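Heads up, the thing below is written out as structure tokens.
We use all heavy atoms of the structure for the numbers below, so side chains are in, but hydrogens, waters and symmetry mates are not. Computed from a prediction, not measured in an experiment: that's the story for all the values here.
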Amino acid sequence: MTNHDNRIQLPIGTRIFSKGERYPEARWEGTATITEVVRQCTDDTWEYRVRDDNGDTRVVNIVGIPVSEETRKFFDDYARGMLD
């Protein structure tokens, strides 16, 4: 499961990760950047051309977006017991 409703179009330049990338670094930082919005599919999801951090490009349509800095700070604080 991703953290993004894939029926909502993301803008070019958005950092994303693939639905199969479930390791923390992918969820925190993303693994690719959207370079082109290709089309809207029949299931209302959006298809994107992305460039991954190795420079390879591919087309994907079920993506997640990295956790924001504010959300990471919240979880870090929570894990340290700083929040009630």
Using the test salt bridge (Lys or Arg N to Asp or Glu O under 4.0 Å), find all partners of Glu25 that sit at least two apart in sequence or belong to another chain.
none
Of all residues at least two apart in sequence or in a different chain, which pass the salt bridge (Lys or Arg N to Asp or Glu O under 4.0 Å) check with Arg51?
none
Quick one: salt bridge (charged side-chain N to carboxylate O under 4.0 Å, His left out) pairs with a partner in residues 54-65, sequence neighbours left out?
Asp52-Arg58
With Thr35 via side chain to side chain donor-acceptor pair (under 3.5 Å) - residues at least two apart:
none
Residues which pass side chain to side chain donor-acceptor pair (under 3.5 Å) with Gln40, listed by chain and number, not counting sequence neighbours
none
Going by the rule side-chain contact (heavy atoms from CB on, under 4.5 Å), which residues pair with Glu21 if we only count those two or more places apart in sequence or in a different chain?
Phe17, Ser18, Tyr23, Ala26, Thr31
Can you name the residues that form a side-chain contact (heavy atoms from CB on, under 4.5 Å) with Gln9, not counting sequence neighbours?
Val37, Trp46, Tyr48
Of all heavy-atom pairs linking Arg49 and Val38, the shortest is N-CG2, 3.6 Å
Is any side-chain heavy atom of [X] less than 4.5 Å from a side-chain heavy atom of [Y]?
X     : Y     : value
Ile34 : Glu36 : no
Asn6  : Val63 : yes
Ile65 : Leu10 : yes
Pro66 : Glu29 : no
Val50 : Ile16 : yes

Rounded to the nearest 0.5 Å, what's the gap from OG1 on Thr45 to CZ on Arg39? Could you check?
8.0 Å
